[in-house]
Amino acid sequence: MQTGVELSLQDIEQQVARAERRNRLITVAIAAAVVGGAALFLQFTYHKLESLNGQLQNVTGQLEKANTDLNASQQRLESVNTARSDAEDQLKKLQAEAANQAGQIAQLSAQLAGQRQQAESLKQDLQNANSKLDELKGQIKSATDFTRYGHQIDFADAKNLYNTSSPLGELLSKILELQRRNLVFDFANRIEAGFTSPGFAGYVLQQLGKLPAGMAPDRALQRLPAANEPQLGDIIQYETGFALFYLKDRRGAPFVIGMTPLGIASLNLDFKARRTGVLRTNIYPDQH
Amino acid sequence: MMVQAPASPAHPQAPDFAPIVRAWRKTGICYVCLGLAILLFGCALLLFTMYEAKPSEFSQITKIAAGLVTITSLQLFNLGRKRFERIGIVETLRLRWISLASSDGSERQIAELNRMVTKMLRDNLARGL
């Protein structure tokens, strides 16, 4: 633009036209740049979003897969927890059962110990019974042996003893009466069942009032005092367990009478058995 | 700068601004058309985002871009409006010139009018837009 000089209208027109052309070009260029920039920006953004969307879908897929795995793991964990709780319950039951069985075992052990003790006791009883059986066998053997040492007596001898001493006569009469009733040998020591040899002697003395009634006759016999030599009516004890009354028949021959395994029997004084003691009955205290 | 009008001692002839007015009108029309095109482009983008079947992040970005483009079109409309405004002013000055010349106005008034026209054209050239 010319300054300081006068411009013609034609010059101004040319300058204005030139300036307008330039302005139009610049404006169109700016507008195109703005629109193109917006389009490029949108395209870039679109592609970027597409890419991010793809990544997001990928991540979402991975996340869904992880969620699926997590759900499966949780289900497995729940099943494992359920199985664990079941196993714990079963373990508790088994422990309770084991404790119960341990108690039963202890109880059974105690019972076993008791039964062992009982078995020991039974064994001891068996040994005792065997020893008694042996003793009885010995007595039976002795009885079979002493049958040849039998001494015949009857009520006439008892009558003769009455003449000597009424208590002795009553003693023999009582024994003969019991013999007539077929009293048998038995360990029961009762009149309806039978007596052992000491039991029979005790029973006869209880009947005669020489020993207190109300206690076992064989035990009552142990109350009698011991003596060295027998008197009439005393009891002689033998190693076979016999406890026999010492008496004399009408001919003055001594004999012994009492319960044997064969029943009530009267034997010679010297029958095959060793004396072990004498019990003083004091039925005939006036002999000397 | 002085506008040198064809002089006549009795009746000075009014200056003819038709080429300048043509240039401004052409530029104004160009700006308005360009603004309309950009406005349509922005509206198309807005409609695209509004009626999109599946709204997404791209829709938001597109809305922002459409807004920027629409604002750009407003600036073009403003530039076009200035061009047509200048055309109106120039026409008014020319009519004034003719009025003064026909009514035998004083030399001082014509000189003042001449100075105003010169100033406007100088400012227009100086701003460049």
Side-chain angles (χ1 to χ4, degrees), chain A residues 1-68 70-71, chain B residues 1-6 15-31 33-35 37-38 41-42 45 48-49 56-73 75-76 79-80 82-83 86 90 117-118 120-122 124-129:
Chain A
M1 187 180 291
Q2 297 175 8
T3 57
V5 292
E6 291 183 354
L7 290 175
S8 66
L9 187 59
Q10 195 173 2
D11 294 335
I12 291 172
E13 285 172 356
Q14 287 176 355
Q15 285 187 9
V16 166
R18 218 173 21 246
E20 289 300 308
R21 265 200 308 276
R22 193 180 66 244
N23 288 343
R24 282 198 298 271
L25 285 174
I26 289 171
T27 305
V28 168
I30 289 172
V34 168
V35 173
L40 286 175
F41 171 70
L42 285 176
Q43 189 178 7
F44 170 75
T45 306
Y46 179 76
H47 285 299
K48 196 73 179 173
L49 283 174
E50 282 290 316
S51 172
L52 290 173
N53 201 19
Q55 291 180 5
L56 184 64
Q57 285 181 352
N58 190 16
V59 170
T60 304
Q62 290 178 354
L63 192 62
E64 285 178 357
K65 188 183 175 191
N67 275 332
T68 307
L70 183 64
N71 287 333
Chain B
M1 184 175 73
M2 290 288 288
V3 176
Q4 196 176 29
D16 185 14
F17 298 117
I20 296 173
V21 167
R22 262 200 314 275
W24 283 347
R25 184 175 288 115
K26 187 178 176 183
T27 303
I29 290 169
C30 179
Y31 284 169
C33 289
L34 196 59
I38 291 173
F41 179 62
L45 284 178
F48 168 73
T49 56
S56 62
E57 290 81 4
F58 182 68
S59 303
Q60 301 296 326
I61 301 292
T62 308
K63 277 181 187 173
I64 295 170
L68 289 173
V69 169
T70 306
I71 290 169
T72 305
S73 72
Q75 179 63 22
L76 286 172
L79 289 174
K82 284 181 180 176
R83 292 295 185 279
R86 283 179 203 160
V90 166
V117 172
T118 303
M120 188 194 73
L121 292 175
R122 190 176 57 204
N124 178 244
L125 287 174
R127 277 203 300 273
L129 290 174

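Per chain, numbering begins at 1; letters A, B, ... match sequence-line order.
For the options A:Asn53, A:Ile30, A:Leu42, heavy-atom pairs under 4.5 Å to chain B are most numerous at A:Leu42.
Annotation: the span from A:Arg21 atom CZ to B:Thr27 atom OG1 amounts to 9.5 Å, rounded to 0.5 Å. The distance from the CG atom of B:Leu79 to the CZ atom of A:Arg24 is 13.0 Å, given to the nearest 0.5 Å. Taken from CD1 in B:Ile61 to NZ in A:Lys48, the straight-line distance is 12.5 Å, to the nearest 0.5 Å.
Counting heavy atoms from C-beta on, the side chains of B:Trp24 and A:Val16 come closer than 4.5 Å. For the pair A:Val35 and B:Ile38, the minimum side-chain heavy-atom distance is below 4.5 Å.
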Residue pair B:Tyr31, A:Asn23: steps toward the side-chain contact (heavy atoms from CB on, under 4.5 Å) verdict: CA-CA 10 Å; B:Tyr31 284 169; A:Asn23 288 343; 3.4 Å; yes
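The heavy-atom pair separating A:Ala17 from B:Ala23 by the smallest distance is CA-CB, 4.2 Å.
Under the salt bridge (Lys or Arg N to Asp or Glu O under 4.0 Å) rule, A:Glu20 has a single partner from B:Arg83, B:Arg25, B:Arg22, B:Lys82, which is B:Arg83.
Contacts of B:Ile64 with chain A are absent, with no heavy-atom separation under 4.5 Å from either backbone or side chain. Within the 4.5 angstrom heavy-atom criterion, only side-chain atoms of A:Leu49, from C-beta onward, approach chain B. The part of A:Phe41 that comes within reach of chain B is its side chain, from C-beta onward, which places non-hydrogen atoms under 4.5 angstrom from that chain.
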